[in-house]
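Step one of this worksheet: look at the structure below.
Both counts, for ligands and for their atoms, begin at 1 and track the order of listing.
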Amino acid sequence: MKILLFGKDGQVGRALQPALAPLGDLIALGRAEADFSKPESLAPIIDELAPEVIVNAAAYTEVDAAEDDREMAWTVNAGALGVIGQIARKNGALVVHYSTDYVFDGLSPDPYPEAASTSPQSVYGASKLAGEVLLRESGARHLIFRTGWVYAPHGRNFPLTMLRLAQERDALSVVADQTGAPTPASLVASITAAAIPQALANPAKLGLYHLAPIGETSWHGLASYLVAEALAAGAVLRATPDSVQPTLAADYPARAKRPANSRLDTMKLRTAFGITLPAWQDGIRQLIDTLRTEGRL
Ligand code: NDP
């Protein structure tokens with residue numbers, strides 16, 4: 001099976017490479033080889049490589065910058081998906097794509113199921129939702145995994161930022177009124193690899209899924225846990241769990257609006273693919289372990 005991966009250098013893209021390689025012949029492309037700001041340029045690349053599966057981990061993910069760079073966010077997150085969908089449909093390829101809890105307004109008191117009505121509050125969220133719609137409407141066979149709060153041992157993400165700040169500062173102020181589930185890129189990758197053969201074998205499994213670990217926390221809860229676990233693992237930090245202070249999102253005005261509730265209901269994913277999801281804390285402990293092993297913490 002030939003698999004074409006777009007966005008190989010991102011958090012999820014990097015995790016996907018070892019996860020997808022055992023499934024077949026993997027061709028991994030980054031921005032230099034496949035530029036999503038020119039969606040029409042993707043068509044000949046896909047046609048020439050003729051993959052059976054296209055996995056798209058490329059996206060415009062700068063949530064605040066997208067507010068001022070609307071056209072580019074829409075081109076990369078939506079326009080490119082229209083092109084990928086059309087070519088995949090023509091060639092009979094399966095498309096695997098990722099989306100976000102930012103398609104919701106975050107006002108629901110409960111975790112969001114796939115069927116919940118969408119109401120994006122930011123350019124990023126609206127562009128990602130448009131990408132979902134264009135892919136679906138292309139008629140290509142597809143899997144879309146909506147996830148949130150993604151992190152990896154590399155790249156720019158909340159856990160790495162918090163650990164750096166905990167090394168530099170005695171006290172941290174962290175938002176306590178937004179909840180979600182911190183999701184390791186490696187979990188997104190392993191579930192993708194497990195789902196692809198199942199979806200190829202059984203079209204009933206195609207479609208939209210919510211992907212997150214079990215449990216929930218706030219950014220403050222996550223920062224406190226990170227500090228406590230890093231200290232327990234022997235890291236030298238200036239901050240302590242007690243010096244991580246809760247604050248309100250309203251005290252940190254950002255360019256783009258973030259959902260207060262980023263929790264995703266994962267029942268459909270677990271049932272369809274027979275997957276047991278780990279607790280969010282497992283991934284955080286693994287991250288600390290990796291950083292310690294690499295001498296970065
Ligand atoms: P990253 O920002 O780590 O990676 C995005 C990748 O897209 C980068 O490698 C980047 O290239 C590439 N890219 C950006 N613009 C272009 C372009 N014009 N042409 C080609 N490539 C481009 O994101 P993640 O790995 O975290 O995200 C993967 C998916 O998960 C995305 O669909 C995202 O929307 C979704 N998601 C992410 C969440 C998160 O918290 N990070 C939460 C929910 C969903 P380069 O390396 O050259 O910059």
Residues which pass side chain to side chain donor-acceptor pair (under 3.5 Å) with Q198, listed by chain and number, not counting sequence neighbours: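 Partners of Q198 under the side chain to side chain donor-acceptor pair (under 3.5 Å) test: K205.
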Minimum non-hydrogen distance to atom 5 (C) of ligand 1, winning option of S41, A59, A80: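 Among S41, A59, A80, the closest heavy atom to atom 5 (C) of ligand 1 comes from A59.
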Proximal candidate to atom 36 (N) of ligand 1 [heavy atom criterion; set F145, Y102, Y124, F158]: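 Of the listed residues, Y124 has the closest heavy atom.
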Where at least one partner belongs to residues 223-242, residue pairs that pass salt bridge (charged side-chain N to carboxylate O under 4.0 Å, His left out), sequence neighbours excluded: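 The answer is D170-R238.
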Closest protein heavy atom (residue, atom, distance) for [atom]:
{"atom": "atom 46 (O) of ligand 1", "answer": "D9 CB, 3.7 Å"}
{"atom": "atom 25 (O) of ligand 1", "answer": "V12 N, 2.8 Å"}
{"atom": "atom 40 (O) of ligand 1", "answer": "V150 N, 3.0 Å"}
{"atom": "atom 4 (O) of ligand 1", "answer": "G10 CA, 3.2 Å"}
{"atom": "atom 29 (C) of ligand 1", "answer": "Y98 CB, 3.7 Å"}

Under a 4.0 Å heavy-atom limit, does [X] contact ligand 1 with its side chain, its backbone, both, or neither?
{"X": "A57", "value": "backbone"}
{"X": "T147", "value": "both"}
{"X": "T61", "value": "side chain"}
{"X": "R146", "value": "neither"}

Heteroatom proximity flag, R31 to ligand 1, N/O under 3.5 Å: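 Among all N and O atoms of R31, at least one is under 3.5 Å from an N or O of ligand 1.
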Single hit among R255, M72, E67, R156 for side chain to side chain contact (heavy atoms under 4.5 Å, CB included) with E62: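 Passing option: R156.
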